[in-house]
Amino acid sequence: MPTMETHAISSELIREVAFELNRRAAIGIPKDVGDSIADMAERETQKLSKFVLLEIVNNYKVAVDEQRPMCADTGLPRFYAKIGNDAAIEGGFVALERSVRQGTADATERVPLRPNRVHPITRHDYNNNVGIHAPTVDYSWEPDVDWIELTSFHKGGLFGGDYRMLFPTDGIDGIKRFFLDVISEFFKRGLSCQPAIVGIGIGGTKDTCVRLAKEAACLRVVGDRNPDPEIGKLEEDLNDLGRRTSLGPMGFKGEGAVMDTHIEVAYTHTGGMPISIHHQCFALRRATARIHPDGRVEYRENPLWFTDYYRRDSVA
């Protein structure tokens, strides 16, 4: 429970931060992604692929210089909330979600963001990126702190993901085969808007591994390695495998299809090995803020979502 000295974090401040996170995510590409694409462009030997990569780098710069969204399709705004166990929020979590929704509507009008959210059947559109389960807010928890962290992510909503139930005997070879199947299906036609970060979730239940794949693609920085040495090595092996396919940016021949590969795991049923793969395109739009109970706000690019507590494998 929050201590008596803990001040409640203002719901109005959360609304302001939600707006600002949406603005930052839409316009400024994170440095880890920008540097990675620039490095790819430097190494690329295929003329057309090199041209594409250099144009992506230029587009990043124009977006910041002109303070406009770096992609005409501003995706589907969503939020990841890491909540300190000792944090107090004015109005509780209902107020937090109302503030996030209002901040998203404000950003849609003022940044502006493209109003992408529609009813799946009627196609009704409120023109503010708010609706049923929109924007989504996913939660994780952190012990012994009284702050909250919000990450805004503008996620493309169409191609680039798949799921398969593997079995223990499929092993690493089965994972590599699925990896190649998925990037071949989507990358050859440019449907993942690559260069892409490939997120892979292994284990858990079907919904868990799909969630982990998306988080792995969206919430880890380029070059980050899973602290489990075996998983970290598999990430490197899959990166190398992706480079050797001759698949390049936007479906052209080259080496620049896979920006990085990130894997997250969950303990699973003894009889199976569910796996999901998710692609995050070069328009990787994320921004994070830590909100303190005294009103201080600290913005950064790295979500730091995968803490030791988040990956814990013990009872506690």
Side-chain angles (χ1 to χ4, degrees), residues 15-42 44 47-80 100-118 125-130 134-135 150-160 190-197 217-219 221-222 248-252 256 259-260 279-289 297-303:
R15 173 181 172 175
E16 293 171 4
V17 170
F19 166 82
E20 179 61 16
L21 287 173
N22 273 310
R23 190 191 69 81
R24 292 183 181 221
I27 294 170
I29 206 73
K31 188 175 186 301
D32 61 290
V33 178
D35 288 349
S36 178
I37 299 292
D39 289 344
M40 283 179 158
E42 182 70 24
E44 184 58 66
K47 185 176 180 180
L48 190 53
S49 288
K50 191 179 190 73
F51 169 79
V52 170
L53 293 168
L54 289 172
E55 284 301 298
I56 292 172
V57 172
N58 183 59
N59 186 71
Y60 290 162
K61 182 179 184 303
V62 170
V64 173
D65 289 348
E66 299 187 5
Q67 287 296 287
R68 295 192 297 175
M70 58 80 52
C71 184
D73 181 354
T74 53
L76 302 178
R78 62 183 298 143
F79 281 84
Y80 293 89
V100 163
R101 291 166 77 88
Q102 186 60 61
T104 299
D106 294 343
T108 302
E109 178 181 359
R110 292 163 50 193
V111 172
L113 308 178
R114 193 170 81 176
N116 277 340
R117 297 277 195 177
V118 300
D125 187 351
Y126 286 110
N127 291 313
N128 60 6
N129 280 306
V130 175
L150 292 177
T151 295
S152 173
F153 200 97
H154 294 179
K155 186 71 193 73
L158 297 176
F159 306 106
L191 293 178
S192 294
C193 291
Q194 66 270 10
I197 295 179
C218 300
L219 300 178
V221 299
V222 176
M250 301 305 291
F252 299 117
M259 198 185 320
D260 205 355
H279 299 154
Q280 170 54 46
C281 71
F282 65 83
L284 195 148
R285 298 156 295 196
R286 56 169 152 77
T288 298
V297 180
E298 299 167 335
Y299 290 94
R300 64 175 192 266
E301 292 184 343
N302 188 343

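Please read these numbers as outputs of a predicted model, since none were measured by experiment.
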Phe79 meets the ring-ring contact (aromatic ring centres under 6.0 Å, His included) criterion, sequence neighbours left out, with none

Checking Tyr126 now: which residues fulfil ring-ring contact (aromatic ring centres under 6.0 Å, His included) with it, not counting sequence neighbours? His124

Residues in salt bridge (Lys or Arg N to Asp or Glu O under 4.0 Å) contact with [X], at least two apart in sequence or another chain:
X      : value
Glu20  : Arg23, Arg24
Arg78  : Asp138
Arg110 : none
Asp39  : none

Please identify each residue that fulfils side chain to side chain contact (heavy atoms under 4.5 Å, CB included) with [X], with sequence neighbours left out.
X      : result
Ser49  : Glu44, Gln46, Pro249, Phe252
Ala283 : Met70, Cys71, Cys281, Arg285
Glu298 : Arg290, His292, Arg296
Pro112 : none

Is there a donor-acceptor pair under 3.5 Å between the side chain of [X] and the backbone N or O of [Y]?
X      : Y      : result
Thr108 : Thr104 : yes
Asp32  : Val222 : yes
Gln67  : Val64  : yes

Pair Arg114-Asn116, side-chain donor/acceptor within less than 3.5 Å: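 Yes, a side-chain donor-acceptor pair sits under 3.5 Å.
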
So side-chain hydrogen bond (donor to acceptor under 3.5 Å, both in side chains) across residues 54-65, not counting sequence neighbours, yields Lys61-Asp65

Checking Asn128 now: which residues fulfil side chain to side chain donor-acceptor pair (under 3.5 Å) with it, not counting sequence neighbours?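 Side chain to side chain donor-acceptor pair (under 3.5 Å) list for Asn128, sorted by chain: empty.
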
